[in-house]
Amino acid sequence: MEKIVSLCKRRGFVFPGSEIYGGLANSWDYGPLGVELKNNIKQLWWNRFVHRRDDVVGIDAALIMNPRVWEASGHLQNFTDPLVECKNCHSRFRADHIGNLHEDGTLDLKGVKCPQCKKEDWAPAKQFNLMFKTFIGPAEEEANVAYFRPETAQAMFVDFKNVLDTTRRTLPFGIAQVGKAFRNEITPGNFIFRTREFEQMEIEYFFAKPVHDDDWKSIFEHWRKEMHSWMEHDLRLNMEHVHELEVADGERAHYSKRTIDFEFDFPFGKKELYGLAYRTDFDLRNHFKEAPYKDQQTGEEFWPHTIEPTWGVDRSVLAVLSNSYTEEDDGKGGQRIFLKLPPRLAPYKAAIFPLLPNKPELVARAREVYEQLRKKFFVTWDDRGNIGKRYYSQDEIGTPFCITVDFDSLENNEVTVRDRDTAKQERIAIDKLEEYLAAKIV
Ligand code: GAP
């Protein structure tokens, strides 16, 4: 993990937030390469789950919603974590992270010592609401309290009728959103794994009131497979590191009848990457108490049920980075570090080099290649140091192809294309480069 964090900082993927002021605990900023990787993940997701499906549409809602949303959704009452405080050193912890959780959902802290001062002197656990509070307008009064959304999901429920009326969708259909969510986590940590400000990609998939159990189970199964396919084919995670956890009765969120957590073997252990939940009609019933959905054909009134697949963006970035980080013997007594990123996710698709930076004719031809390719792909230019150093530098940030213009290129219009993963080189005609990259960047 330290190596990943250090590479991220060194190469501009992720920096500590507010660093020049001593940082802000567990806040992180995505740098020039990190934002590209993150955007590529979000675009791939949107493309797969919104553009390439007939039954899902997208929205982009406000972060601060009417506080009554959180009353109806149950978050004001239930979106809490058990907090314990050590009476000796006053450190605070999530009780369920350090205590013994019994099968009936109760927790006890007998025999548990404070991770900070090693004493066992606990104040009784309290429920702590994770929503970030703020005030709307200049007066900091109770009447003006509002919350930053703790999940993107509620906007899909609140906008359900508007989407229905404006898109002529009929059940079943889904609403998708990608955006920030905020949680005042008691114990954030592990780099970008658990932070207080993060991004989610969520879909609320609405369907008619189930008559048989199978009616919701088959939809649940569909989304389970879709999530697997996303991890395997889009993020190209090593699926041996992905595990499913059936969340037990007492441990599910207040709205869920069934939840599966998809866990991933992160460098710091097996932890939740994504979730899939059957939220029943809980949310729409609470938001649209007086105005249920009316079936156009039968006239029946009911509240549609929802299956919710949810993906953390930052955890996707971390899983992809952990999955791609590779160290290899370079055969010359050193080590080659490279990020084996799927080409579609890599920040730069290719790097273009003139063999020598001080030969104007090479630079000019390489520049033409660069200008030609950048119309289609996000590519970079490098003319510093020698070719070996440039390869090393591009490997470390996961650039799948390095293209070198040399003296032969001036004669035969071919360039050397070097593959990041195999380090193999081949000669490709300049006018075939676009086609070559397009075929490889899948
Ligand atoms: N709408 C359902 C929901 O929000 P969740 O399991 O609480 O469910 C969904 O969150 C996903 O959001 C998680 O699987 C994880 O990927 C991501 N996530 C949750 N809390 C996070 C945090 N503090 N930091 C980073 N990602 C987080």
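Position 1 is the first residue of the sequence; numbering continues from there. In listed order, ligands and their atoms are each counted from 1. Only this structure's heavy atoms are used, side chains among them; waters, hydrogens and symmetry mates stay out. Computed from a prediction, not measured in an experiment: that's the story for all the values here.
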Q: Tabulating one pair per line, provide the atom names and distances (0.1 Å) for every N/O atom of ligand 1 that is less than 3.5 Å from a protein N/O atom.
A:
residue	atom	partner	partner atom	Å
ligand 1	1 (N)	Glu151	OE1	2.6
ligand 1	1 (N)	Glu202	OE2	2.5
ligand 1	1 (N)	Glu308	OE1	3.3
ligand 1	1 (N)	Glu308	OE2	2.7
ligand 1	4 (O)	Arg183	NH2	2.9
ligand 1	4 (O)	Gln200	NE2	3.0
ligand 1	6 (O)	Glu272	OE2	3.2
ligand 1	7 (O)	Arg183	NH1	2.8
ligand 1	7 (O)	Arg183	NH2	3.0
ligand 1	10 (O)	Gln200	NE2	3.4
ligand 1	12 (O)	Gln200	NE2	3.3
ligand 1	14 (O)	Glu272	OE2	2.6
ligand 1	14 (O)	Leu273	O	3.3
ligand 1	16 (O)	Leu273	O	2.7
ligand 1	16 (O)	Gly312	N	3.1
ligand 1	20 (N)	Arg183	NH1	3.4
ligand 1	23 (N)	Glu185	OE2	2.8
ligand 1	23 (N)	Thr195	O	2.8
ligand 1	24 (N)	Phe193	O	3.3
ligand 1	24 (N)	Thr195	N	3.1
ligand 1	26 (N)	Arg315	NE	3.4

Q: Taking atom types as modelled and ignoring hydrogens, do the side chains of Asp265 and His243 form a donor-acceptor contact shorter than 3.5 angstrom?
A: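 There is such a pair (donor and acceptor under 3.5 Å, judged by atom type) between the side chains of Asp265 and His243.
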Q: Starting from the C-alpha separation in whole Å, work towards a yes-or-no answer on salt bridge (charged side-chain N to carboxylate O under 4.0 Å, His left out) for Asp261 and Lys270.
A: CA-CA 11 Å; Asp261 282 350; Lys270 188 165 77 163; over 6 Å; no
Q: Apply ring pair (Phe, Tyr, Trp, His ring centres under 6.0 Å) to His241 and list each qualifying residue two or more places apart in sequence or on a separate chain.
A: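 Counting only residues at least two positions away or on another chain, His241 forms no ring pair (Phe, Tyr, Trp, His ring centres under 6.0 Å).
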Q: May I ask you to decide whether Arg258 forms a salt bridge with Glu246, counting only side-chain N to carboxylate O separations under 4.0 Å?
A: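 Counted as a salt bridge, because a side-chain N and a carboxylate O are separated by less than 4.0 Å.
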Q: Is the NZ or CZ atom of Lys349 both under 6.0 Å from the centre of the six-membered ring of Phe377 and within 45° of that ring's axis?
A: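 No; the conditions do not both hold, so Lys349 does not lie above the ring face of Phe377.
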Q: Answer with yes or no whether the side chains of Asn78 and Tyr255 bring together a donor and an acceptor at under 3.5 Å.
A: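 Looking only at side-chain atoms, Asn78 and Tyr255 do not form any donor-acceptor pair under 3.5 Å.
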